[in-house]
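Below is one structure; the comments refer to it alone.
Order of listing sets the numbers, starting from 1, for every ligand and every atom in it.
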Amino acid sequence: MNNFIFENATKVYFGKGCVKEYLACLSGHYGQTVMLAYGGGSVKKNGVYEEVTACLQKAGQTIVEFSGIGANPTYEKVMEGARLARENKVDLILAVGGGSVMDCCKAVSMAAVYDGDVWKDFWASPGVIDFEPLPLGAIVTAAGTGSEMNGGAVITNEKLKIKTGRDYPKCNARFALMDPTYTYSVPKKQMVSGGFDILSHIMETYFSEPDEDNVSDDISEALMRGVIRDLRAAIQNPEDYTARSNLMWESTMAENRIIKLGKRMDFECHQMEHQLGAYTNCNHGAGLAVLHPVYYRHIYRDGLEKFQKFAVNVWGISPEDKTGEELARAGVETLADFIKEIGLPTTLRELGVNESTDLKAIADSCNLAPGSYKKMTCEEILKIFQECY
Ligand code: NZQ
Ligand code: ZN
């Protein structure tokens with residue numbers, strides 16, 4: 001295994017009823033004023049807002065609301081939250097939602113106390129945080145990004161058409177409350193998109209060196225089999241607690257740095273999806289679902305052994321009567337079939353990308369990660385986009 005240092009500052013409270021049991025006590029540790037941040041209003045329909053505000057009121061907290069955080073949160077929205085936090089001398093930011101709300105709040109936690117331009121100093125290129133961001137707590141309502149237990153925040157600068165993710169350990173939430181029943185109301189379309197995002201995070205870690213036996217790959221294979229099983233079960237019955245609670249923790253496990261330890265990682269597919277998102281505002285998990293099979297058809301020959309392992313250990317494909325290349329390819333095609341089975345889009349057209357979209361401009365704007373088995377070029381990314389169309 002490669003060398004690593006590991007720390008994760010987020011304390012997790014997991015399970016049915018955890019918000020009612022712990023929130024009042026937790027929120028009191030940080031001061032009087034809590035900024036309650038949420039998205040477009042799902043929390044008001046499913047009862048989460050009521051439950052959370054009741055706990056905060058019980059604790060005697062002053063609540064400042066920061067609402068309307070949209071999918072693919074923008075830098076503009078971050079600045080709105082930062083102004084609100086400063087004006088109201090907020091002591092704790094409470095992010096109630098999925099990845100978009102949590103990510104926006106992480107950036108707000110920095111912007112609310114930083115005098116410079118956080119986009120320029122921390123997202124345009126990686127920076128060093130030598131100050132304390134405002135304390136952040138997360139209440140997760142959708143499984144997918146795993147943002148609740150890392151410092152990652154993906155922010156879109158609409159003016160510059162750039163969507164960038166950075167992971168700053170200082171932005172880890174102090175605590176994360178994870179009640180799987182909160183995810184029952186996530187519409188199927190978003191549930192499968194979040195589920196595929198989990199799978200993507202694991203695959204982008206798994207398909208990278210080292211290739212000799214290692215703990216990360218072992219955990220990753222188990223997690224991938226779990227996500228496939230649990231997504232199928234949650235589609236059958238959205239209120240299957242076992243499936244929903246597994247998905248919620250699989251989402252966290254994929255992104256809480258544990259499986260990344262000692263791995264080189266790829267995440268080129270995420271780079272491509274982020275720029276697609278910057279130009280088209282497409283859904284993150286659905287964008288990944290369109291790109292992954294096509295991307296893997298481009299790279300599997302360069303990581304043949306790992307792709308064979310994936311076919312056998314994740315999808316249960318028999319290696320009998322197959323050449324190594326056939327076996328590896330069968331794994332990729334089974335992944336593509338699964339994407340169709342769970343109802344995710346398979347083309348950019350289905351994703352809503354229209355003919356006037358400048359795919360070349362998007363390809364040219366993609367960050368080229370060092371890659372793992374094969375380093376991409378902007379030309380090859382454009383080919384991938386065209387094949388996805
Ligand atoms: O806005 P509301 O009304 O709350 O509705 C949301 C939104 O429409 C809805 N939703 C969430 N919980 C719900 C619910 N609807 C009903 N019941 C519930 N319990 O779901 C929709 C999508 O929410 P969103 O937060 O946008 O989705 P997701 O969790 O997939 O987050 C996507 C964002 O996270 C970034 C993505 O790029 C994208 O910007 N990512 C963040 C990462 C990180 N911080 O580590 C890593 C990821 O790779 C990803 O890039
Ligand atoms: Zn993702």
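- Taking distance alone, with nitrogen or oxygen atoms compared against 3.5 Å, G146 stays at or beyond that limit from ligand 1.
- Between Y114 and F122, the gap from one ring centroid to the other is short of 6.0 Å.
- Using a 4.0 Å cut-off to heavy atoms of K163, the atoms of ligand 1 that qualify are 36 (C), 37 (O), 38 (C), 39 (O).
- In the model, S200 has a side-chain atom that pairs as donor or acceptor with a side-chain atom of H292 under 3.5 Å.
- Geometry at the Zn ion (ligand 2): NE2/H201 and NE2/H284 form an angle of 170°, nearest 10 degrees.
- Taking the six-membered ring for Trp and the full ring otherwise, Y75 and W123 have centroids separated by 6.0 Å or more.
- The nearest protein atom to atom 5 (O) of ligand 1, hydrogens excluded, is given as S42 OG, 3.7 Å; this is a heavy-atom distance.
- The part of N46 lying near ligand 1 is the side chain, judged by heavy-atom distances below 4.0 Å.
- If you look at H274 next to ligand 1, the close heavy atoms, those under 4.0 Å, all belong to the side chain.
- Taken to the nearest 0.5 Å, the NZ atom of K106 stands 11.5 Å off from the SG atom of C104.
- Nearest to atom 45 (O) of ligand 1 among the protein's heavy atoms is N150 ND2, 3.3 Å.
- Exactly one residue among L335, L231, L223, V314 makes a side-chain contact (heavy atoms from CB on, under 4.5 Å) with L199. That residue is L335.
- The environment of CD in E305 is sparse: at most 12 heavy-atom neighbours from other residues, nucleotides or ligands sit within 6.0 Å.
- Proximity of Y38 to ligand 1, defined as any heavy-atom pair under 4.0 Å, is not found for any part of the residue.
- In terms of polar-atom proximity, defined here as any N/O pair under 3.5 Å, G40 does make such a contact with ligand 1.
- Not a single heavy atom of A143 sits less than 4.0 Å from an atom of ligand 1.
- Of all heavy-atom pairs spanning M191 and V186, the tightest one is N-CG1, 3.6 Å.
- Using a non-hydrogen distance threshold of 4.0 Å, V154 registers as a contact of ligand 1.
- Considering all non-hydrogen atoms of both residues, V78 and A111 come closest at CG1-CB, 4.2 Å.
- Which parts of ligand 1 touch H270 is read off a 4.0 Å heavy-atom cut-off, strictly below it: atoms 48 (O).
- Each of the following atoms of ligand 1 lies closer than 4.0 Å to a heavy atom of A71: 26 (O).
- Here the protein heavy atom with the shortest distance to atom 32 (C) of ligand 1 is S100 OG, 3.6 Å.
- Protein heavy atoms are absent from the space less than 4.0 angstrom from atom 9 (C) of ligand 1.
- At least one N, O or S atom of D197, from either the backbone or the side chain, sits less than 2.8 Å from the Zn ion (ligand 2).
- Cluster annotation: M248 is not connected to V43 through the hydrophobic network of ILVMFWY side chains, with a link wherever side-chain heavy atoms come within less than 4.5 Å.
- The two residues S220 and Y206 make their nearest non-hydrogen contact at CB-CD1, 4.0 Å.
- Here the heavy atom of the protein found nearest to atom 47 (C) of ligand 1 is H201 NE2, 3.4 Å.
- The closest side-chain heavy-atom distance from T33 to Q61 is not below 4.5 Å.
- K45 does not count as a contact of ligand 1, since none of its heavy atoms falls under 4.0 Å from the ligand.
- Atoms of ligand 1 lying under 4.0 Å from at least one heavy atom of G39, given by number and element, are 1 (O).
- Between H298 and Y295, the ring centre distance reaches or exceeds 6.0 Å.
- Contact annotation: P187 has at least one heavy atom less than 4.0 Å from an atom of ligand 1.
- In this structure, the ring of F207 has its center less than 6.0 angstrom from the ring center of Y296.
- Donor-acceptor pairing under 3.5 Å is lacking for the side chains of R83 and N88.
- Here the protein heavy atom with the shortest distance to atom 11 (C) of ligand 1 is T141 OG1, 3.6 Å.
- Ligand 1 has no nitrogen or oxygen under 3.5 angstrom from a nitrogen or oxygen of K106.
- By the 3.5 Å distance cut-off applied to N or O atoms, V101 is not counted among the residues near ligand 1.
- In this structure, K161 is positioned above the aromatic face of Y279, its NZ or CZ under 6.0 Å from the six-membered ring centre and within 45° of the axis.
- By the neighbour-count criterion of 12 heavy atoms within 6.0 Å, atom CG of D213 is sparsely surrounded, having that number or fewer from other residues, nucleotides or ligands.
- Closest to atom 35 (C) of ligand 1 among all protein heavy atoms lies D103 OD2, 3.6 Å.
- Ranking the protein heavy atoms by distance from atom 39 (O) of ligand 1 puts N72 OD1, 3.3 Å first.
- Of the listed options T145, T183, I198, T145 places a heavy atom closest to atom 40 (N) of ligand 1.
- Between E273 and ligand 1, no N or O atom pair is found at a separation short of 3.5 Å.
- Between the side chains of Y38 and E65, at least one donor N or O lies within less than 3.5 Å of an accepting N or O.
- There is a protein heavy atom less than 4.0 angstrom from atom 16 (C) of ligand 1.
- Here atom 28 (P) of ligand 1 lies nearest to G99 when heavy atoms of S200, G99, A153 are compared.
- Considering only non-hydrogen protein atoms, atom 49 (C) of ligand 1 sits nearest to H284 NE2, 3.2 Å.
- Contact atoms of ligand 1 toward A142: 11 (C), 12 (N) (distance under 4.0 Å to a heavy atom of the residue).
- Within 6.0 Å of the OH atom in Y389, the count of heavy atoms belonging to other residues, nucleotides or ligands exceeds 12.
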